Protein chains: 2
Amino acid sequence: MLTKRTKYAIKTLIYLYENEVDNKPVSAKSISEHENIPFKFLEKILRELRQHRLIKSERGAVGGYRFLKPANTITVADVMRIIDGPIALIPCVSENFYQKCDECIDEETCKLRLLFRDLRDKMLPVLEETIVDLSKK
Amino acid sequence: MLTKRTKYAIKTLIYLYENEVDNKPVSAKSISEHENIPFKFLEKILRELRQHRLIKSERGAVGGYRFLKPANTITVADVMRIIDGPIALIPCVSENFYQKCDECIDEETCKLRLLFRDLRDKMLPVLEETIVDLSKK
DNA sequence: ATTATCCCTACCTATTTGGTAGGGATAATT
DNA sequence: AATTATCCCTACCAAATAGGTAGGGATAAT
């Protein structure tokens, strides 16, 4: 399952995209209220997104957040990897977070590995949809 | 990510299938040793599989486990649902474990929902592979 | 000076995960 | 009848993760 943090993060980015008008940044308060996300929890998520350079912030009285990386280049998979970690369901078939399964005897002949590699290959194209695509759905 | 329990469960069933010869049941000890699964932890998993009527057990000195439901009718998705729960990555698109996302404002227009329904639809056929298919990979 | 925002650290509770411990029941074998 | 190898059941446990909350400091517009 996706964590709420990732769900919140994606909803946040969609909201940001749909409200990046008249050159004003979008405040956390506004996101929190419109997307039903606990304010303080949202702040933590926004920080993560900023630290990973997806968005940038502006401080002060009319501060808020904007995209740093263009919305049409940010995919759902990107967000999932930043917040939740690997897309793949077992670590030994993850491209970005590879790890040996510690109980595995022979990775080369592991049937689970073949199956979950197939699975990952089917999942990835779907998750490569961008924030912009997603907003237009 | 899959839990180890589910990984162990699938490996257990493959092992069971590949060793159901000469009409003798397969012992937990044998599974544990050959598949590198902690014995006591495995016993719990076997119990779950038995309680869900995928396998049956025989007690006594030459006891062990056999399939109750034929191996060619048990899919990876079945096992995942028994041990880990839903396949879908968000609860509102799960077929077997549907639940409303509590922060969701309008399910009908939720973009995430559309995306993750697509995703589930891509995942399911892969996970519908049976233990027998998997063993032959 | 006030206010609205972002920024940072610390803390907290409940649940899940991945086990372990100990012993009872059963049935084949000796 | 005793031994042994198995399954069966309950209880417990430590570490990690999830989903927050609390409190206050820094910044910049008004």
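Everything numeric in this text was worked out from a predicted model, so none of it was measured. Within every chain, numbering begins at 1; the chains are lettered A, B, ... in the order of the sequence lines, protein sequences first and strands thereafter.
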Chemist: OP1 or OP2 of D:dG19 less than 4.0 angstrom from a side-chain nitrogen or oxygen of A:Y8, does that happen here?
Modeler: no
Chemist: Atom CG of B:L2 to atom C1' of C:dT17: distance rounded to whole Å?
Modeler: 13 Å
Chemist: Is any side-chain N or O of A:K40 under 3.5 Å from a base N or O of D:dG24, one able to act as donor and the other as acceptor?
Modeler: yes
Chemist: Is it the case that over 12 heavy atoms from other parts of the model lie below 6.0 angstrom from the CD atom of A:Q51?
Modeler: yes
Chemist: What I want to check is whether an N or O donor and acceptor connect the side chain of B:K44 with the base of C:dG18 at under 3.5 Å.
Modeler: no
Chemist: Rounded to whole Å, please give me the gap between CZ in B:R5 and P in C:dG19.
Modeler: 11 Å
Chemist: Taking everything shown except A:K122 itself, do over 12 heavy atoms lie less than 6.0 Å from its NZ?
Modeler: no
Chemist: Measure CZ/B:F41 against P/D:dT10 and give the value in whole Å, please.
Modeler: 18 Å
Chemist: Starting from the 5' end of DNA chain C, give me the residue, B:E43 or A:F39, whose nearest nucleotide shows up first.
Modeler: A:F39
Chemist: Looking at every strand, decide which applies to A:K4 at a 4.0 Å heavy-atom threshold: base, sugar-phosphate, or nothing.
Modeler: sugar-phosphate
Chemist: Going by an N to O cut-off under 4.0 Å, is there a salt bridge joining B:R113 and B:E107?
Modeler: yes
Chemist: Within this structure, what is the CG-to-P distance between B:L42 and C:dT17, rounded to whole angstrom?
Modeler: 18 Å
Chemist: For A:I83 and A:L49, run side chain to side chain contact (heavy atoms under 4.5 Å, CB included): C-alpha distance rounded to whole Å, both residues' side-chain angles, the deciding distance at 0.1 Å, then the answer.
Modeler: CA-CA 8 Å; A:I83 311 283; A:L49 296 176; 4.3 Å; yes
Chemist: Tell which nucleotide pairs with D:dG25, taking only Watson-Crick or G-U wobble pairs whose two distances are both under 3.5 angstrom.
Modeler: C:dC6
Chemist: What is the distance, rounded to the nearest whole Å, between atom NZ of B:K24 and atom P of D:dC7?
Modeler: 13 Å
Chemist: Could you give the CG-to-C1' distance, from A:D102 to C:dT17, as a whole number of Å?
Modeler: 13 Å
Chemist: Looking at D:dT30, which nucleotide sits across from it as a Watson-Crick or G-U wobble partner, both distances under 3.5 angstrom, or is there none?
Modeler: C:dA1
Chemist: Counting only non-hydrogen atoms, which of residues 54-68 of chain A are less than 4.0 Å from DNA chain D?
Modeler: A:R59, A:G60, A:A61, A:V62
Chemist: Closer to the 5' end of DNA chain D via nearest nucleotide, is it B:R47 or B:K29?
Modeler: B:K29
Chemist: Looking only at the side chain of A:S27 (C-beta and beyond, no hydrogens), which of the listed nucleotides C:dT20, D:dG23, C:dC6 gets closest?
Modeler: C:dC6
Chemist: When the distance from CD1 of B:I31 to P of D:dC7 is rounded to whole Å, what number comes out?
Modeler: 8 Å
Chemist: Pair A:I10, B:L115 - check side chain to side chain contact (heavy atoms under 4.5 Å, CB included), show working.
Modeler: CA-CA 11 Å; A:I10 299 169; B:L115 180 73; over 6 Å; no
Chemist: For A:E48 and C:dC7, give me the distance from atom CD to atom C1', rounded to whole Å.
Modeler: 14 Å
Chemist: Determine the sole option in B:I45, B:I82, B:I37 for which the side chain to side chain contact (heavy atoms under 4.5 Å, CB included) test with B:R5 is passed.
Modeler: B:I45
Chemist: Just to verify, what does B:D78 make a side chain to side chain donor-acceptor pair (under 3.5 Å) with, not counting sequence neighbours?
Modeler: B:T75
Chemist: Between C:dG22, D:dT21, D:dC9, which nucleotide has the shortest distance from any of its atoms to the side chain of B:R50?
Modeler: D:dC9
